[in-house]
A.B. asks: 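Got a structure for you, questions after.
As the structure lists them, so they are numbered: ligands from 1, and atoms in each ligand from 1.
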Amino acid sequence: MHKMKILVLNCGSSSLKYQLFDMTGEVVMAKGLVERIGIGGSIVKHTKGEDSTVREHDIQDHAQAIKIVLDLLTGPGTGVIASLSEISAVGHRVVHGGEKHAKSVLISDDVIKGIEECVPLAPLHNPANLMGITAMRKLLPGVHNVAAFDTAFHQTMPQAAYIYGIPFEYYERDRVRRYSFHGTSHDFVSARAAEILGRPLDSLKIVTCHLGNGSSLAAVDCGKSVDASMGMGTSCGVLMGTRCGDVDASVLLHIMEQGVGASELSDIIHKKSGLLGVSGVSSDLRDVEKAADKGDRRAKLACEMLYRSVKKYIASFAAVMGGVDAIVFTAGIGENSDLTRKAVVSGLEFMGAKIDDAKNNGLRGKEAVISADDSKVKVLVVPTNEELLIARDTQRLAK
Ligand code: ADP
């Protein structure tokens with residue numbers, strides 16, 4: 001096991017993303033994406049260094065997709081390993097671990113049962129994750145599989161942060177509570193921010209802002225999540241690309257009373273809301289910012305709502321932790337939109353956070369401290385790397 005090669009898999013309902021890491025130096029040897037699994041016209045994109053191969057296949061299920069990926073990893077031209085025996089272990093991204101898993105875990109029959117039990121909490125994601133795990137166990141028998149859960153990092157939240165103000169029996173009977181997601185990302189960027197600042201993680205109060213198509217914030221106190229903006233599902237918290245963010249439950253009742261059923265309502269709050277629903281322009285912030293710049297009023301409103309919702313969560317999480325030492329921006333928007341970072345932090349001078357425009361403007365996808373030198377609260381951009389964290393956990397557990 002001296003030179004470990006770790007394959008990381010992220011299975012969606014009709015897609016699969018993979019990265020093969022050489023853990024000596026934590027280098028990505030190859031990565032790729034399979035799309036349209038089981039719905040016809042499947043496409044495989046495989047990247048090795050600078051070279052990308054795109055192939056069309058008819059892929060029926062995840063097992064077949066994984067078989068193709070393994071062939072690409074070893075095949076002539078596309079391959080980066082001589083044989084599959086070089087793969088030391090496989091790490092799987094699993095969306096929901098419920099209350100059982102506060103850490104990544106070596107997969108056993110028992111763990112699989114636990115992931116199955118969480119299907120009602122993540123009906124789209126957990127079944128897909130399970131398909132990947134089952135296929136991998138069949139194709140590479142004897143190789144350790146590890147599950148890294150999106151919910152695990154937030155299991156340290158106190159009850160006061162995760163219980164909803166509805167009758168307690170819903171928690172006791174159905175485990176209705178806040179779980180929140182993107183845990184691997186919040187974990188990775190908070191730890192990295194402490195390294196960049198040269199201070200021990202267990203001495204820092206950090207608000208991490210994972211802002212992408214799906215967005216969530218976390219209050220990370222001494223390395224532990226103590227509050228987070230997503231809930232039992234992924235639609236609440238800040239305004240997102242197509243998800244609504246926080247909405248009064250009465251609004252949903254009002255919509256349902258107009259004859260809208262549960263599945264249509266789910267479509268509305270997950271796919272038709274957010275930047276897209278408010279602006280009517282796009283779910284992609286780049287398009288919305290452009291339209292706003294040209295004077296589109298609803299696009300401008302959507303941007304302002306996004307900035308305001310992130311700002312509110314930062315300040316409320318600072319209040320929860322009794323202070324804040326660092327604010328960290330990550331994911332597509334957090335890493336790339338200087339406009340968003342500027343708008344979110346401006347107004348937070350009262351609590352000691354000030355951006356340095358020269359450091360913020362034009363900064364995209366790079367690690368940096370972007371606060372002014374005299375800013376008491378440090379503001380950072382830290383590109384997230386969930387796959388690397390999964391690979392590290394997998395290596396540690398498979399050893
Ligand atoms: P996902 O949640 O699907 O992983 P990403 O983390 O890739 O999403 O984030 C996608 C979002 O990042 C989109 O709204 C996109 O507009 C935004 N984004 C990417 N680059 C920029 C940029 N240069 N300026 C503003 N927004 C950007």
A.B. asks: Numbering the atoms of ligand 1 from 1, which are under 4.0 Å from a heavy atom of Gly214?
C.D. replies: 2 (O)
A.B. asks: Write out the residue and atom name of the closest protein heavy atom to atom 14 (O) of ligand 1, then the distance separating them to 0.1 Å.
C.D. replies: Leu285 N, 3.1 Å
A.B. asks: If you define the side chain from C-beta out and look only at heavy atoms, does anything of Lys67 sit under 4.5 Å from Asp71?
C.D. replies: yes
A.B. asks: Is any N or O atom of Ser337, backbone or side chain, closer than 3.5 Å to an N or O atom of ligand 1?
C.D. replies: no
A.B. asks: Any N or O on Gly212 sitting closer than 3.5 Å to an N or O of ligand 1?
C.D. replies: no
A.B. asks: Answer yes or no: is there a donor N or O on one side and an acceptor on the other, between the side chain of Arg341 and the main chain of Asn360, under 3.5 Å?
C.D. replies: yes
A.B. asks: Considering the options Lys31, His46, Glu387, which one meets the side chain to side chain donor-acceptor pair (under 3.5 Å) requirement together with Tyr18?
C.D. replies: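 When side chain to side chain donor-acceptor pair (under 3.5 Å) is applied between Tyr18 and each of Lys31, His46, Glu387, only His46 qualifies.
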A.B. asks: Taking only non-hydrogen atoms of Gly241, do any sit less than 4.0 angstrom from ligand 1?
C.D. replies: no
A.B. asks: Can you tell me which residue and heavy atom of the protein come closest to atom 13 (C) of ligand 1, and the distance to 0.1 Å?
C.D. replies: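 That would be Asn213 OD1, 3.9 Å.
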A.B. asks: At less than 4.0 angstrom from any non-hydrogen atom of Ala331, what atoms of ligand 1 do you find?
C.D. replies: 6 (O)
A.B. asks: Any N or O on Gly332 sitting closer than 3.5 Å to an N or O of ligand 1?
C.D. replies: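 Yes, there is a polar N/O contact under 3.5 Å.
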A.B. asks: Only one of Ser216, Ser225, Ser180 clears side chain to side chain donor-acceptor pair (under 3.5 Å) with His186; which?
C.D. replies: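 Testing each of Ser216, Ser225, Ser180 against His186, the sole residue satisfying side chain to side chain donor-acceptor pair (under 3.5 Å) is Ser216.
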A.B. asks: Which bit of Glu289 is near ligand 1, meaning a heavy atom under 4.0 Å away: side chain, backbone, both or neither?
C.D. replies: side chain
A.B. asks: Using side-chain hydrogen bond (donor to acceptor under 3.5 Å, both in side chains), reason through Ser185 and His210 one step at a time and then give a plain yes or no.
C.D. replies: CA-CA 7 Å; Ser185 179; His210 178 110; 2.8 Å; yes
A.B. asks: Between Tyr171 and Arg175, is there a cation-pi geometry (under 6.0 Å to ring centre, at most 45° from the normal)?
C.D. replies: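 Cation-pi check for Arg175 and Tyr171: passes.
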A.B. asks: Report the nearest protein non-hydrogen atom to atom 16 (O) of ligand 1: residue, atom name, distance rounded to 0.1 Å.
C.D. replies: Asp284 OD1, 2.3 Å
A.B. asks: Just do the side-chain hydrogen bond (donor to acceptor under 3.5 Å, both in side chains) check on Asn145 and His92 with the steps written out, would you?
C.D. replies: CA-CA 7 Å; Asn145 287 277; His92 299 261; 2.7 Å; yes
A.B. asks: Among protein heavy atoms, which lies nearest atom 27 (C) of ligand 1, and at what distance?
C.D. replies: Arg286 CG, 3.7 Å
A.B. asks: To which of Thr330, Thr242, Asn336 does the heavy atom nearest atom 23 (N) of ligand 1 belong?
C.D. replies: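 Selected option, by shortest heavy-atom distance: Asn336.
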A.B. asks: So, regarding Ile333 and ligand 1 (criterion: nitrogen or oxygen to nitrogen or oxygen, under 3.5 Å), is there a contact or not?
C.D. replies: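 For ligand 1, there is an N or O atom that lies under 3.5 Å from one belonging to Ile333.
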A.B. asks: Under 4.0 Å from atom 4 (O) of ligand 1, do we find at least one protein heavy atom?
C.D. replies: no
A.B. asks: Go through the steps for Ser250 and Asp248 under the test side-chain hydrogen bond (donor to acceptor under 3.5 Å, both in side chains), then give the verdict.
C.D. replies: CA-CA 5 Å; Ser250 305; Asp248 174 4; 3.3 Å; yes
A.B. asks: Could you walk me through whether Thr47 and Ser52 pass the side-chain hydrogen bond (donor to acceptor under 3.5 Å, both in side chains) test, one step at a time?
C.D. replies: CA-CA 4 Å; Thr47 305; Ser52 285; 3.0 Å; yes
